[in-house]
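Numbering of residues begins at 1 and proceeds along the displayed sequence.
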Amino acid sequence: MTAQRTTSDDTTGDGLTVRTLTAEEWDRWYRTLEVAFGGGEDHPEDRALWRELTELERSVGVWDGDLPVGGAGAFTFRLAVPGGAVLPAAGVTMVGVLPTHRRRGILSRLMRDQLDEVRRRGEALAVLTASESPIYGRFGYGLGTWRMSVTVPRRVTVRAPVDRSVRLRLAPPESVLAACEELYAELVPKRPGMLARRPGWEKLPLKDAPAGREGASPLQCVVAEDRESGQLLGYARYAVAMDWSDSDIADGTVRVRDVEARTPGVYAALWEFLLDQDLCGRARIRNRPVDDPVLHLVDDPRRLEPQLVDGMYVRLVELGAALSQRGYAAGVDVVLEVSDAFCPWNAGRWRLHSDGPGKGASCAPTTAPADLALDVRELGAAYLGGVRLSALASAGLVTELRDGALTEATRAFASDVAPWLPHGF
């Protein structure tokens, strides 16, 4: 975004200044965003981490005189996409406007400037999580991932094969962080939607300010290791929230934050451990992919109470580059008629061609007749392979103009595993 750029309010004519954030302004700017999100204050430890992670050159504030009234930022990410590539992407974050300045077009101006800047930086993709899901569709963001929360009662039995050869041990989360991050990095290209963590982001999974524990224990970590080599094969981070009935019957909850493993047997071993905690009646995890193996590990899946919540929204900023840089599950040769009111450089007909897995892809403007018609929002939803184009067509959001084109494109865009964002930003 342009530093020191003055703009006028579309409704009232009040002069507002949009400028790149400075280090000295960060505290006031961040507090403004806290107020925009309800007024609660982050714990100092969490606040310090977000200040460390903030990329000032990608953050802007909106000022009414010397009063900060809104802002937006972006992180420089690398995002896993179908086919195993990990592509540059802008992680849109910290977007908010004070209640006194809403409904004046400020958000639209922030989104306009931000997407223009993303394009100038050569990033073909922008992604975000939304505090309110209806907000960002008008700017071309489509819902590309879902997250699943699951409550697993202790009464169920892990029926899947458990690797009994591994050693499980408790370790301070910080002491095994490097090994856990190495495992996480191995998993990133295997599941679309995962983010490669840049230096500093490894601290995010360890956030454990006492004020945010809500009565639970400090964060704990169990690791699964090879008994001979000591290699880390999996880990789970969790906290225990104790509760007692009026009759002093223990009914605690294991609040699971992360579970990752190199093999299915180790994954089963970690879940068996989490479900075998004394004084606890259940284990609960709030963010797993919708195809997570935990749904199939146990003998009584009806008791898992899975719930789905929208996850990450995807925006194709440079459509041709974004579609040519991901992999495809099958051969495809279709012409897409794309509408994009907010980023008109994407609007028009694009020929997408790939000979299938590992064969590369091309996507270029064309004047050939269109096979499918859709908005860029729907392309964003389908981009990571979890949302089927055929499902969007059933909702009336994709139009088939050539017989067979919808089936062809649906198969090509699909991912073998559900896309998933492992943590917010």
Side-chain angles (χ1 to χ4, degrees), residues 21 23-56 59 68 71-75 77 91-96 128-132 147 149-151 170-181 183-184 194-195 197-223 235-244 252-260 270 274 277 279-280 282-288 309 311-312 421-425:
L21 194 66
E24 294 74 22
E25 294 170 334
W26 189 92
D27 282 311
R28 294 182 66 203
W29 175 81
Y30 192 77
R31 180 56 190 154
T32 296
L33 297 176
E34 288 178 325
V35 173
F37 280 89
E41 292 186 343
D42 277 356
H43 188 276
E45 292 178 16
D46 294 342
R47 190 184 184 92
L49 177 58
W50 289 119
R51 178 160 191 162
E52 176 185 341
L53 295 175
T54 298
E55 299 178 35
L56 292 175
S59 304
F75 295 117
F77 282 150
V92 177
T93 187
M94 301 183 189
V95 180
L128 56 80
T129 61
S131 57
E132 294 182 280
R147 63 179 175 90
S149 65
V150 177
T151 299
L170 293 173
E174 298 83 358
S175 70
V176 291
L177 178 58
C180 292
E181 285 299 295
L183 191 158
Y184 174 88
M194 293 186 70
L195 299 173
R197 290 206 269 255
R198 298 179 65 197
W201 282 91
E202 76 282 355
K203 301 175 185 178
L204 189 64
L206 301 190
K207 279 178 53 179
D208 191 33
R213 292 175 184 162
E214 298 179 342
S217 70
L219 188 67
Q220 303 180 53
C221 184
V222 59
V223 294
Y235 65 90
R237 300 186 183 108
Y238 65 96
V240 176
M242 287 306 306
D243 195 12
W244 302 84
T253 299
V254 181
R255 297 180 182 171
V256 185
R257 182 176 296 184
D258 306 296
V259 189
E260 303 296 350
L270 289 168
L274 293 167
Q277 299 301 297
L279 308 179
C280 292
R282 69 201 59 78
R284 180 175 296 144
I285 188 163
R286 296 186 59 186
N287 184 15
R288 294 304 296 170
V309 180
M312 182 167 62
L421 175 67
H423 58 77
F425 51 87

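Looking only at side-chain heavy atoms (C-beta outward), Val176 and Tyr235 stay at 4.5 Å or farther from each other. Residues Leu279 and Gln277 form no side-chain contact, since every pair of their non-hydrogen atoms from C-beta on lies 4.5 Å or further apart. When side chains are defined from C-beta on, His43 counts as touching Pro210, because their heavy atoms get closer than 4.5 Å. Side-chain contact between Trp29 and Ser59: present, with at least one pair of heavy atoms (C-beta onward) separated by less than 4.5 Å. Proximity of Met94 to Phe75: side-chain heavy atoms (C-beta onward) are separated by under 4.5 Å at one or more points. Taking 4.5 Å as the limit, some side-chain heavy atom of Lys207 sits within range of a side-chain heavy atom of Leu204. When side chains are defined from C-beta on, Arg213 counts as touching Pro218, because their heavy atoms get closer than 4.5 Å.
Take Arg28 and apply the side-chain hydrogen bond (donor to acceptor under 3.5 Å, both in side chains) test, not counting sequence neighbours, and it matches no residue. For Thr253, the side-chain hydrogen bond (donor to acceptor under 3.5 Å, both in side chains) partners two or more places apart in sequence, or in a different chain, are Arg282.
A donor-acceptor pair under 3.5 Å is formed between the side chain of Arg147 and the backbone N or O of Arg286. Looking at Arg255, its side chain never comes within 3.5 Å of a backbone N or O of Ala241 through a donor-acceptor pair. At least one donor-acceptor pair closer than 3.5 Å links the side chain of Asn287 to the backbone N or O of Leu421.
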Show your reasoning for whether side chain to side chain contact (heavy atoms under 4.5 Å, CB included) applies to Val259 and Leu274.
-> CA-CA 10 Å; Val259 189; Leu274 293 167; 4.0 Å; yes

May I have the step-by-step check of side chain to side chain contact (heavy atoms under 4.5 Å, CB included) for Glu41 and Arg31, ending in yes or no?
-> CA-CA 8 Å; Glu41 292 186 343; Arg31 180 56 190 154; 3.2 Å; yes

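Nearest approach of Gly311 to Thr129, heavy atoms of both residues: O-CG2, 3.8 Å. Closest of all the heavy-atom pairs between Val256 and Tyr238 is CA-CB, 4.0 Å. Nearest heavy atom pair, residue Tyr184 against residue Pro422, reads OH-CG, 3.3 Å. The nearest pair of heavy atoms linking Glu202 to Pro205 is O-CD, 3.1 Å. What you find for Cys280 and Val240 is that their closest heavy atoms are SG-CG1, 3.6 Å. The minimum heavy-atom distance linking Val95 with Leu33 is given by the pair C-CD2, 4.3 Å.
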Could you tabulate the donor-acceptor pairs under 3.5 Å formed by side-chain atoms of residues 48-56, not counting sequence neighbours?
| residue | atom | partner | partner atom | Å |
| --- | --- | --- | --- | --- |
| Arg51 | NH1 | Asp27 | OD1 | 3.4 |
| Arg51 | NH1 | Asp27 | OD2 | 2.9 |
| Arg51 | NH2 | Ala23 | O | 2.9 |
| Glu52 | OE1 | Lys203 | NZ | 3.1 |
| Glu52 | OE2 | Lys203 | NZ | 2.8 |
| Thr54 | OG1 | Trp26 | NE1 | 3.1 |
| Thr54 | OG1 | Trp50 | O | 2.6 |
| Glu55 | OE1 | Thr76 | OG1 | 2.7 |
| Glu55 | OE2 | Thr76 | N | 2.7 |
| Glu55 | OE2 | Arg198 | NH1 | 3.2 |

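Between Trp201 and His423, the two ring planes are parallel [angle under 30°; tilted spans 30° to 60°].
A salt bridge does not link Glu174 to Arg237: none of the charged side-chain nitrogens sits closer than 4.0 Å to a carboxylate oxygen.
The CG atom of Leu270 sits 11.5 Å away from the CG atom of Asp258 when rounded to the nearest 0.5 Å. Of the inter-residue distances, the one linking Leu170 atom CG with Ser175 atom OG reads 10.5 Å to the nearest 0.5 angstrom.
Checking Tyr30 against Asp42 by side-chain atom types alone, a donor-acceptor pair falls below 3.5 Å.
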